[in-house]
Amino acid sequence: QCIQLFFRLVKTATLSALGSLITNCSVKEIHDKAYMQLQTFVSDPNIRSNHTLLRQLIVTLGDIVNSSSSSFRNDGK
């Protein structure tokens with residue numbers, strides 16, 4: 001029980017750092033690895049029961065969108 005809580009907290013704390021790497025890093029290999037790790041979090045079926053992680057994921061994705069170029073944001077329209 002304690003170990004599961006610890007890993008949940010670590011995952012939640014990691015999301016912000018991954019978002020920063022995605023938005024601020026110009027090294028393609030690091031950027032790609034951070035993006036892949038973020039995708040791993042999103043595809044985890046247990047994420048639905050971790051509301052703290054979901055909240056941080058939404059905040060992190062919002063930060064990524066806000067710092068992306070306007071042409072990239074408008075691409076999906």
Side-chain angles (χ1 to χ4, degrees):
Q1 184 86 353
C2 249
I3 292 176
Q4 287 179 338
L5 177 61
F6 174 74
F7 283 121
R8 285 176 135 186
L9 293 173
V10 169
K11 281 184 174 183
T12 302
T14 304
L15 280 173
S16 177
L18 290 173
S20 292
L21 282 173
I22 290 170
T23 58
N24 299 321
C25 185
S26 59
V27 179
K28 183 173 176 12
E29 292 81 15
I30 293 174
H31 182 270
D32 290 346
K33 287 182 182 185
Y35 180 73
M36 285 177 32
Q37 187 62 49
L38 191 60
Q39 284 182 316
T40 301
F41 281 125
V42 171
S43 64
D44 183 1
N46 297 320
I47 195 171
R48 291 183 185 144
S49 64
N50 187 344
H51 296 134
T52 305
L53 184 64
L54 279 174
R55 183 197 169 281
Q56 186 59 51
L57 178 61
I58 291 167
V59 169
T60 300
L61 291 175
D63 291 342
I64 292 170
V65 168
N66 286 334
S67 63
S68 65
S69 68
S70 61
S71 62
F72 178 77
R73 285 192 303 257
N74 295 331
D75 237 7
K77 292 182 179 177

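Just so it is clear, the values below take in all heavy atoms, side chains as well, and ignore hydrogens, waters and symmetry mates. The model shown is predicted, which means the values in this text are computed figures rather than measured ones.
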With a cut-off of 6.0 Å (strictly less than), are more than 12 heavy atoms of other residues, nucleotides or ligands near CD of Gln39? yes
Going hydrophobic residue to hydrophobic residue with side-chain gaps under 4.5 angstrom, can you get from Phe7 over to Leu53? no
Out of curiosity, does Leu9 fall in the hydrophobic cluster containing Leu54 (side-chain heavy atoms, cut-off under 4.5 Å, transitive links)? no
Which salt bridge (Lys or Arg N to Asp or Glu O under 4.0 Å) pairs, counting each pair once, include a residue from residues 12-38, with sequence neighbours left out? Lys28-Asp32
Side chain to side chain donor-acceptor pair (under 3.5 Å) involving Asp63 - partner list, sequence neighbours excluded: none
Take Thr60 and Leu18, measure what side-chain contact (heavy atoms from CB on, under 4.5 Å) needs, and give me the verdict at the end. CA-CA 8 Å; Thr60 300; Leu18 290 173; 5.8 Å; no
Before you tell me yes or no, could you show the steps for His31 and Ile22 under side-chain contact (heavy atoms from CB on, under 4.5 Å), namely the whole-Å CA-CA distance, both residues' side-chain angles and the distance that decides it to 0.1 Å? CA-CA 5 Å; His31 182 270; Ile22 290 170; 3.7 Å; yes
Please identify each residue that fulfils salt bridge (Lys or Arg N to Asp or Glu O under 4.0 Å) with Asp44, with sequence neighbours left out. Lys11
Does atom CG of Leu5 have more than 12 heavy-atom neighbours, drawn from other residues, nucleotides or ligands, at distances under 6.0 Å? yes
dist Gln37:CD -> Thr14:OG1 (nearest 0.5 Å) comes out at 7.5 Å
So which atom in Ile47 and which in Phe41 form the shortest heavy-atom distance, rounded to 0.1 Å? CD1-O, 3.5 Å
Once rounded to the nearest 0.5 Å, what's the spacing between atom CD1 of Ile64 and atom OG of Ser20? 9.0 Å
What's the spacing between Leu57 CG and His51 NE2 if we round to 0.5 Å? 13.0 Å
Would you say Tyr35 and Leu15 are hydrophobically clustered, going by side-chain heavy atoms of ILVMFWY under 4.5 Å? yes
